[in-house]
Engineer: 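What follows is a single structure, and I will ask about it in a moment.
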Amino acid sequence: MHLGLDIWAKAGTIVFAPWEGIIHSFKNNNKAGDYGGTIILQHDISPTFTFYTLYGHLSVASLEGLSQNQKIKKGQAIATLGEPHENGG
């Protein structure tokens, strides 16, 4: 169970950051039934409130060129959804 929203869309659909933040982590979780390409963003809303958003089932190419603590702007394209063979199925 997770507190989240699953959105079904075609492979290649662009994913945009909903808030400003930084890349907390990223990984290709390539086991069947897992998240596939995954990016976690950290959002610091105030000095005392931080939350994270997770984006899974992404294309492996979405992970290229990323670095931990990389700044992300609100509305920035951060990834594309992957094909079933690379997104955990």
Side-chain angles (χ1 to χ4, degrees):
M1 185 173 121
H2 63 80
L3 299 174
L5 176 65
D6 293 323
I7 298 171
W8 295 88
K10 292 182 180 183
T13 299
I14 300 171
V15 178
F16 297 93
W19 295 280
E20 181 179 302
I22 62 169
I23 295 179
H24 173 270
S25 56
F26 58 97
K27 181 178 179 184
N28 183 14
N29 298 291
N30 60 359
K31 293 191 171 102
D34 208 331
Y35 278 121
T38 307
I39 299 172
I40 298 175
L41 299 183
Q42 176 181 325
H43 309 279
D44 297 313
I45 301 304
S46 74
T48 59
F49 184 68
T50 298
F51 71 97
Y52 302 86
T53 54
L54 182 148
Y55 306 88
H57 308 292
L58 307 174
S59 66
V60 174
S62 295
L63 306 179
E64 295 174 9
L66 298 183
S67 60
Q68 197 170 17
N69 297 317
Q70 179 180 339
K71 291 183 180 182
I72 301 296
K73 295 179 182 179
K74 179 179 179 176
Q76 179 178 338
I78 58 168
T80 58
L81 296 181
E83 297 285 345
H85 72 275
E86 67 179 342
N87 74 6

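Nothing fancy with the numbering, it's 1 onward along the sequence.
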Engineer: To check you understand the geometry: which heavy-atom pair defines the closest contact between Asn87 and Gly82, and what is its length?
Structural biologist: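 Heavy atoms only, the tightest pair is ND2-O, 2.9 Å.
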
Engineer: Atom NZ in Lys10, atom CG in Leu81: separation rounded to 0.5 Å?
Structural biologist: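 Going from NZ on Lys10 over to CG on Leu81, the span is 12.5 Å.
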
Engineer: May I have all residue pairs that pass ring pair (Phe, Tyr, Trp, His ring centres under 6.0 Å) and include part of residues 66-89, sequence neighbours excluded?
Structural biologist: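 The answer is none; no pair qualifies.
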
Engineer: Within a reach of under 6.0 Å around CG of Leu54, are more than 12 heavy atoms found that belong to other residues, nucleotides or ligands?
Structural biologist: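 Enclosed: over 12 neighbouring heavy atoms sit under 6.0 Å from CG of Leu54.
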
Engineer: Are Ile23 and Leu41 packed together at the side-chain level, in the sense that at least one heavy-atom pair is separated by less than 4.5 angstrom?
Structural biologist: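 They are in contact (side-chain heavy atoms under 4.5 Å apart), so the answer is yes.
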
Engineer: Using every non-hydrogen atom in the two residues, find where Leu63 and Asn28 come nearest and quote the distance to one decimal.
Structural biologist: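 Taking Leu63 first and Asn28 second, the nearest heavy atoms are CD1-N, 3.6 Å.
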
Engineer: Do the side chain of His43 and the main chain of Thr50 share a donor and acceptor less than 3.5 angstrom apart?
Structural biologist: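 Judged by distance alone, no pair lies under 3.5 Å.
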
Engineer: Please find the pair of heavy atoms, one from Ile78 and one from Ile72, that lie closest to each other, and give the distance.
Structural biologist: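 For Ile78 versus Ile72, the nearest heavy atoms are CG2-CG2, 3.7 Å.
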
Engineer: So which heavy atom on Lys73 is nearest to which on Ala17, and how close?
Structural biologist: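 Distance-wise, the nearest heavy atoms are O-CB, 3.7 Å.
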
Engineer: Might you confirm whether atom CD of Gln42 has over 12 heavy atoms from other residues, nucleotides or ligands at distances under 6.0 Å?
Structural biologist: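 Enclosed.
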
Engineer: Hey, which of Phe49, Tyr52, Phe51 is the one that makes ring pair (Phe, Tyr, Trp, His ring centres under 6.0 Å) with Trp19?
Structural biologist: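 Considering Phe49, Tyr52, Phe51, a ring pair (Phe, Tyr, Trp, His ring centres under 6.0 Å) with Trp19 is found only for Phe51.
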
Engineer: List the atom of His24, the atom of Gln68, and the distance in Å for their closest heavy-atom pair.
Structural biologist: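 Of all heavy-atom pairs spanning His24 and Gln68, the closest is O-NE2, 3.0 Å.
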
Engineer: Taking all heavy atoms of Gln76 and all of Lys71, pick out the closest pair and write down the distance.
Structural biologist: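 In terms of heavy atoms, the two residues are closest at OE1-O, 4.2 Å.
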
Engineer: Applying the 4.5 Å side-chain criterion to the ILVMFWY set and letting contacts propagate, would Ile40 and Tyr35 be lumped into a single cluster?
Structural biologist: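 Both belong to a single hydrophobic cluster.
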
Engineer: Whether the side chain of Ser62 engages the backbone of Thr80 through a donor-acceptor N/O pair (distance < 3.5 Å, no angle test) should be reported.
Structural biologist: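 The answer is yes, because a donor-acceptor pair under 3.5 Å joins these two groups.
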
Engineer: Mind checking the CH2-NE2 spacing from Trp8 to His57? Nearest 0.5 Å is all I need.
Structural biologist: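 So the gap between those two atoms works out to 7.0 Å.
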
Engineer: May I ask you to decide if Ala11's main-chain N or O and Thr13's side chain share a donor-acceptor pair within less than 3.5 Å?
Structural biologist: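 Between the backbone of Ala11 and the side chain of Thr13 there is no qualifying donor-acceptor contact (under 3.5 Å).
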
